[in-house]
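No hydrogens, no waters, no symmetry mates; every other heavy atom, side chains included, goes into these values.
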Amino acid sequence: MAKQRKAKRGKDAERAELIVQRLAEAYPDARCELKFRSPFQLLIATILSAQCTDERVNSLTPALFRKYRSARDFAEADSKELEQDIKPTGFFRSKARSIQACCRELVERHSGKVPTDLDEMVKLTGIGRKTANMVLGAALGKATGIVVDTHVRRVAARLGLTRQTDPDKIEQDLIKLVPQDQWVPFSFRLIHHGRYCCTARNPQCEQCKLVELCPKIGLAAEGKRAKRKAGSRAK
Ligand code: SF4
């Protein structure tokens, strides 16, 4: 039994290695699609991107960052005015609260600067490992972990790279399979793949570069669920 488990682990690692390679060939230039000029701007843009598209966030952040230039500006802003400024991104009241709490902590504990250490970042209000890995990886090139967003969750499950549903546990599974020097590009390539190929509703398996490596876990069940939903809507 132990021998079989070891052999399976070996096969999973080999398959993961090929997936990392194929993604690198398919999307050599994939990167964070949020626009930013500093780690601080990316931190704010990432908070705004929750439940919102990157395009929408990008359409609003240039003006936002002209108006609020520092953590202190956000921390001291009138909260109602900030809410209106970020309203198009949705959930604007809770996002404004998170941004102001986080910026107050940046001012009080870090002289207004974004910490460059993951453990310090995740102590900030509203900042989890996803945002911390995103900011440290995309803005500072630091491989502190793998960004587990909605796309990575879905695609990693379909590819059979994890059976977990909790983002932190998914990340732990992925970092065991992917070499550390690939964590940052792998994150953005998997996000890109999920956004443009392995989409939630209509994955493009016929055109997918990973098709022979993919067990398509859960796809059949997802298809049946979608059909049932469509059927009940038609009645
Ligand atoms: Fe997604 Fe299909 Fe590609 Fe698997 S084969 S990664 S399910 S698009």
Side-chain angles (χ1 to χ4, degrees), residues 31-142 144-154 165-168 170-171 184 187-188 191-192 194-196 199-201:
R31 54 176 53 89
C32 173
E33 294 189 7
L34 290 167
K35 289 191 187 139
F36 61 95
R37 287 188 171 169
S38 66
F40 174 68
Q41 288 191 355
L42 181 56
L43 182 72
I44 301 297
T46 307
I47 295 173
L48 293 174
S49 71
Q51 315 282 326
C52 180
T53 63
D54 287 358
E55 294 75 35
R56 182 159 292 195
V57 174
N58 287 339
S59 71
L60 162 153
T61 44
L64 189 74
F65 294 140
R66 275 197 298 278
K67 181 167 177 182
Y68 306 98
R69 291 174 178 269
S70 65
R72 187 174 292 281
D73 288 350
F74 279 103
E76 293 177 353
D78 176 82
S79 55
K80 292 285 168 222
E81 193 174 333
L82 179 59
E83 284 175 7
Q84 290 310 307
D85 289 334
I86 63 170
K87 195 170 181 180
T89 68
F91 302 97
F92 57 96
R93 289 195 186 92
S94 69
K95 287 180 185 176
R97 264 198 308 278
S98 287
I99 288 172
Q100 289 202 289
C102 175
C103 285
R104 271 194 292 274
E105 290 162 8
L106 287 178
V107 171
E108 285 161 15
R109 294 194 224 138
H110 301 282
S111 313
K113 299 250 174 346
V114 174
T116 57
D117 177 79
L118 182 113
D119 292 333
E120 285 302 317
M121 273 196 81
V122 295
K123 285 182 196 157
L124 296 166
T125 297
I127 306 302
R129 288 188 62 92
K130 182 193 86 170
T131 302
N133 283 328
M134 170 75 89
V135 173
L136 294 171
L140 299 168
K142 283 186 87 173
T144 50
I146 289 176
V147 179
V148 178
D149 73 347
T150 180
H151 300 296
V152 171
R153 277 172 80 147
R154 180 180 68 252
T165 51
D166 172 74
D168 288 354
I170 294 172
E171 188 189 353
V184 176
S187 298
F188 295 117
I191 292 170
H192 189 94
R195 199 171 264 159
Y196 301 106
T199 53
R201 295 225 180 114

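Under a 3.5 Å cut-off, the side chain of Gln100 and the backbone N or O of Ala77 do form a donor-acceptor pair. Within the 3.5 Å criterion, the main-chain N or O of Ala50 finds a donor-acceptor partner in the side chain of Lys95. Asn58 places a side-chain N or O within 3.5 Å of a backbone atom of Glu33 that can act as its donor or acceptor partner.
Looking at every heavy atom in both residues, Pro39 comes nearest to Val114 through C-CG2, 4.0 Å. In plain terms, the two heavy atoms of Val57 and Cys52 that are nearest each other are CG2-SG, 3.9 Å. Between Ser98 and Ile47, the closest heavy-atom pair is CB-CG2, 4.3 Å.
In summary, of the residues considered (Val148, Asp149, Val147, Ile127), a side chain to side chain contact (heavy atoms under 4.5 Å, CB included) with Met134 occurs for Val147 alone.
You'll find the side chain of Leu106 reaches within 4.5 Å of the side chain of Pro115, heavy atoms only. Between Ser187 and Asn133, the closest side-chain pair of non-hydrogen atoms is not below 4.5 Å.
The closest side-chain donor-acceptor pair between Glu105 and Thr125 falls under 3.5 angstrom.
Among residue pairs with one or both ends in residues 35-87, those qualifying as ring pair (Phe, Tyr, Trp, His ring centres under 6.0 Å) are Phe40-Phe74, Tyr68-Phe74; sequence neighbours excluded.
In terms of the side-chain contact (heavy atoms from CB on, under 4.5 Å) criterion, residue partners of Asp78 (sequence neighbours excluded) are, by chain and number, Lys80, Glu81.
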